[in-house]
Amino acid sequence: MSATAPQAPTKLQLLELLAAIGTAQWHDFATTAAHHGLTATQAKVLAQLDDPLPMRGLAAVLACDASNVTGIVDRLEARALVRRAADPADRRVKNVVATDAGREIIRRVREEMQETHGALDALSDVESTTLYALLDRLRPAAEST
């Protein structure tokens with residue numbers, strides 16, 4: 001008797017699994033951000049600010065109108081988590097820059113995401129390495145849309 005190889009999942013099955021994991025991670029992110037007095041969108045803005053980003057760039061990341069970004073940035077600026085700075089290449093453009101306090105709060109949010117950390121703890125080092133390599137390979141195509 002020969003054992004049959006497991007059948008490869010369909011693209012739909014893979015997409016559904018990615019969506020379920022993404023939704024769970026987003027819920028954990030939003031819940032943890034709320035413990036720090038941030039909305040999920042405010043935390044997402046902070047998470048994007050490894051480098052300064054123009055307001056229009058943030059609007060693209062958030063998939064919203066640039067006018068919506070103004071209010072989000074205003075609230076983050078009021079808490080001294082971001083600041084606006086003129087772009088050195090074009091002073092008409094305003095970049096959003098994370099402050100030290102903003103970088104610290106998003107670091108803590110990511111560190112405190114217990115559900116996500118718990119799920120990842122179920123993987124061995126080899127599985128984590130494999131998953132990372134696969135996701136890293138998918139990322140460029142996923143982000144190009």
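Only heavy atoms go into these numbers, but all of them, side chains included; no hydrogens, no water, no symmetry mates.
- When all heavy atoms of Arg79 and His36 are compared, the pair lying nearest together is NH2-O, 3.1 Å.
- A side-chain hydrogen bond (donor to acceptor under 3.5 Å, both in side chains) check over residues 123-133, counting only residues at least two apart or in different chains, returns the pairs Ser124-Glu127.
- Rounding to the nearest 0.5 angstrom, the gap separating the CD atom in Glu104 from the OG1 atom in Thr99 is 10.5 Å.
- Sorted by first then second residue, the ring pair (Phe, Tyr, Trp, His ring centres under 6.0 Å) pairs that include residues 6-27, not counting sequence neighbours, are Trp26-Phe29.
- Residues Leu38 and Leu76 have side chains in contact (heavy-atom distance under 4.5 Å, counting atoms from C-beta outward).
- Under a 4.0 Å N-O distance rule, the pair Arg108/Glu111 does not qualify as a salt bridge.
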Throw together a table of side-chain donor-acceptor distances under 3.5 angstrom for residues 67-75, partners on residues two or more places apart or in other chains.
| residue | atom | partner | partner atom | Å |
| --- | --- | --- | --- | --- |
| Ser67 | OG | Asp65 | OD2 | 2.5 |
| Asp74 | OD1 | Arg84 | NH1 | 3.2 |
| Asp74 | OD1 | Arg84 | NH2 | 2.7 |
| Arg75 | NH1 | Gly71 | O | 3.2 |

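- Contact check for Leu46 versus Gln42: no side-chain heavy atoms found under the 4.5 Å cut-off.
- Val61 and Leu49 fall into different hydrophobic clusters, where Ile, Leu, Val, Met, Phe, Trp and Tyr side chains are chained together by heavy-atom contacts under 4.5 Å.
- Between Thr116 atom OG1 and Arg110 atom CZ the span is 12.0 Å, to the nearest 0.5 Å.
- Residues Ala33 and Ala43 come closest through the heavy atom pair CB-CB, 3.6 Å.
- No salt bridge links Asp136 with Arg139; every basic N to acidic carboxylate O contact stays at or beyond 4.0 Å.
- Scanning both residues, Arg56 and Ala66, for their nearest heavy atoms gives NH1-CB, 4.0 Å.
- Of the inter-residue distances, the one linking Asp100 atom CG with Arg103 atom CZ reads 4.5 Å to the nearest 0.5 angstrom.
- Taken to the nearest 0.5 Å, the CG atom of Leu138 stands 11.0 Å off from the CD atom of Glu143.
- The cluster map of Ile, Leu, Val, Met, Phe, Trp and Tyr, joined by side-chain heavy atoms under 4.5 Å apart, puts Leu123 and Leu135 in the same cluster.
- Here the CD1-CD distance, from Ile106 to Gln48, works out to 9.0 Å after rounding to the nearest 0.5 Å.
- In this structure, Asp28 and Thr32 have side chains that are in contact, with non-hydrogen atoms separated by less than 4.5 Å.
- Criterion: ILVMFWY side-chain heavy atoms under 4.5 Å apart, direct or through other members. Under it, Val109 and Leu62 are part of a common hydrophobic cluster.
- Considering NZ of Lys11 and CG of Leu18, their distance stands at 13.0 Å, rounded to 0.5 Å.
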